[in-house]
Amino acid sequence: MARSIEPSRRGLKSQGMFSEWNGGHVGDIKRSFHTACRKAGITDFRFHDLRHTYASLLTMMGVHIRALQELLGHKTLAMTQRYSHLAPEQLQNAVRLLDGVIGGRQV
């Protein structure tokens, strides 16, 4: 059974993200994560990389940076920007928005 997840705040104790099947708290899952990566043949990937992936996917789906800041529990937008990355095609699509405006034409 999954617990509800609230963004963590400084000074508050987190209940954790993962739970046992009986509702107990899973303390450290890094060992299991490393085992799963090894068995899957995944190399050069850390558990913390999942946080970057989470932030980047939400960014590419159009989630507002302030909402992402709240979800990640960051104090500053600068830190949130370090976690959220755009795929190259996202940047290309942003530039293509100007295609119809060049020369005063609008599509």
Who clusters with [X]? Use side-chain heavy atoms, under 4.5 angstrom, across I, L, V, M, F, W and Y, and order the result by chain and number.
{"X": "L57", "value": "M60, L86, L91"}
{"X": "I65", "value": "L77"}
{"X": "L97", "value": "none"}

Residues which pass side chain to side chain donor-acceptor pair (under 3.5 Å) with [X], listed by chain and number, not counting sequence neighbours:
{"X": "T80", "answer": "H74"}
{"X": "R38", "answer": "none"}
{"X": "D49", "answer": "R46"}
{"X": "H48", "answer": "Y83"}

task: Can you establish whether the number of heavy atoms outside R82 located under 6.0 Å from its atom CZ is more than 12?
output: no
Partner residues of H85 under the side-chain contact (heavy atoms from CB on, under 4.5 Å) criterion, sequence neighbours left out: H52, S56
Over all atoms of both residues, closest heavy-atom pair of [X] and [Y]:
{"X": "A55", "Y": "L72", "value": "CB-CD1, 3.9 Å"}
{"X": "F47", "Y": "F33", "value": "N-CE2, 3.3 Å"}
{"X": "R66", "Y": "H64", "value": "N-ND1, 3.0 Å"}

- prompt: For the atom pair SG (C37) and NZ (K30), what is the distance rounded to the nearest 0.5 Å?
  reply: 12.5 Å
